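Treat the numbers as computed from the prediction; the structure is a model and nothing was measured.
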Amino acid sequence: QVQLVESGGGLVQAGGSLRLSCAASTRTFSNYPVGWFRQAPGKEREFVASITWDGSVTYYASSVKGRFTISRDNAKNTVYLQMNSLKPEDAAVYYCAAGSITTITSGYNYWGQGTQVTVSS
């Protein structure tokens, strides 16, 4: 069982930056690929980015490519999502998930509780 805890969300002005963290409860977290998803009110949960277990390969949704960066520090059992040039449409609850690099939510075995990101215009 892998427990994930997201942090780093908050309120930021458009054009600003935030860094989200996803911390895991187990050292085996380093064996898992990880993804970030987001869900805005009234919308389906959507893929944001994912990273392989060793950080060698990353994937991004077209809407965030060039603005967001996913990375990981396996020594700290943590995956990060650096978000720059934030836009109001980036506002959502952000979730990390472990077990896959796919863009599909059903591909992931473990999910965190989410962290709220609010972007003011």
Side-chain angles (χ1 to χ4, degrees):
Q1 188 76 8
V2 178
Q3 293 183 329
L4 305 175
V5 178
E6 302 95 335
S7 63
L11 172 65
V12 63
Q13 287 187 333
S17 299
L18 283 174
R19 188 177 79 158
L20 305 184
S21 298
C22 173
S25 60
T26 174
R27 292 178 184 177
T28 60
F29 182 62
S30 62
N31 298 332
Y32 289 87
V34 172
W36 282 98
F37 288 76
R38 66 187 182 187
Q39 188 166 18
K43 295 187 177 181
E44 292 189 354
R45 194 169 296 189
E46 65 174 3
F47 172 79
V48 175
S50 61
I51 188 167
T52 52
W53 70 272
D54 61 351
S56 62
V57 181
T58 57
Y59 299 94
Y60 296 93
S62 58
S63 59
V64 306
K65 197 167 187 178
R67 300 187 297 122
F68 291 11
T69 302
I70 188 172
S71 62
R72 68 190 302 160
D73 184 342
N74 284 340
K76 295 183 179 180
N77 293 333
T78 302
V79 172
Y80 303 99
L81 184 69
Q82 177 67 43
M83 306 187 296
N84 298 329
S85 302
L86 282 161
K87 304 175 181 180
E89 52 263 43
D90 294 318
V93 177
Y94 281 71
Y95 299 89
C96 67
S100 179
I101 55 172
T102 181
T103 61
I104 303 170
T105 57
S106 60
Y108 293 80
N109 305 104
Y110 307 103
W111 290 84
Q113 293 301 305
T115 185
Q116 177 73 51
V117 172
T118 304
V119 184
S120 63
S121 57

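- Val117 and Phe47 end up in different hydrophobic clusters when Ile, Leu, Val, Met, Phe, Trp and Tyr side chains are linked at under 4.5 Å.
- Using a distance-only test at 3.5 Å, with no hydrogens or angles considered, a donor-acceptor pair links the side chain of Ser30 to the main chain of Arg27.
- Between Lys76 and Asn74 the shortest side-chain heavy-atom distance does not fall below 4.5 Å.
- Between Ala92 and Ala40 the shortest heavy-atom distance is CB-N, 3.8 Å.
- Legend: residues meeting salt bridge (Lys or Arg N to Asp or Glu O under 4.0 Å) with Arg67, ordered by chain and number and at least two apart, are Asp90.
- For the pair Val34/Tyr108, no side-chain contact is recorded, criterion being any heavy-atom separation below 4.5 Å from C-beta on.
- Looking at Tyr59 and Ile51, their side chains never come closer than 4.5 Å, going by heavy atoms from C-beta outward.
- In this structure, the ring of Phe37 has its center no less than 6.0 angstrom from the ring center of Tyr95.
- Trp53 does not carry Arg72 over the face of its six-membered ring by the limits of under 6.0 Å from the centre and within 45° of the normal.
- Ring geometry for Tyr94 versus Phe68: interplanar angle of 30 to 60°, hence tilted.
- Ile101 is not listed as a side-chain neighbour of Val57, based on a closest heavy-atom distance of 4.5 Å or more.
- Of the possible donor and acceptor atoms, none in the side chain of Gln39 sits under 3.5 Å from a partner among the backbone N and O of Val93.
- Residues satisfying the salt bridge (Lys or Arg N to Asp or Glu O under 4.0 Å) test with Glu46, not counting sequence neighbours, are Arg38.
- Counting heavy atoms from C-beta on, the side chains of Phe29 and Leu4 come closer than 4.5 Å.
- Contact of the Arg45 side chain with the Trp111 side chain is registered, since non-hydrogen atoms from C-beta on lie closer than 4.5 Å.
- To the nearest 0.5 Å, the span separating CG on Leu86 from OG on Ser120 amounts to 10.0 Å.
- Gln116 pairs by the side-chain hydrogen bond (donor to acceptor under 3.5 Å, both in side chains) definition with nothing, not counting sequence neighbours.
- Met83 and Val119 fall within a single hydrophobic cluster, where Ile, Leu, Val, Met, Phe, Trp and Tyr are joined by side-chain heavy atoms under 4.5 Å apart, directly or via other members.
- Using a 3.5 Å distance cut-off with no hydrogens or angles, the side chains of Thr102 and Ser100 do not pair a donor with an acceptor.
- The salt bridge (charged side-chain N to carboxylate O under 4.0 Å, His left out) pairs that include a residue from residues 104-119 number zero, where partners must be two or more places apart or lie in different chains.
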Do any side-chain atoms of residues 10-20 form donor-acceptor pairs under 3.5 angstrom with protein atoms, and if so which ones, sequence neighbours left out?
unit_1 : atom_1 : unit_2 : atom_2 : d
Ser17  : OG     : Asn84  : OD1    : 2.9

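- With hydrogens and angles ignored, the 3.5 Å screen pairs a side-chain donor or acceptor of Ser25 with a backbone N or O of Gln3.
- For Tyr60, the OH atom counts as densely surrounded, since its 6.0 Å shell holds more than 12 non-hydrogen atoms of other residues, nucleotides or ligands.
- Among residues at least two apart or in separate chains, disulfide (SG to SG under 2.5 Å) pairs with a member in residues 17-103 are Cys22-Cys96.
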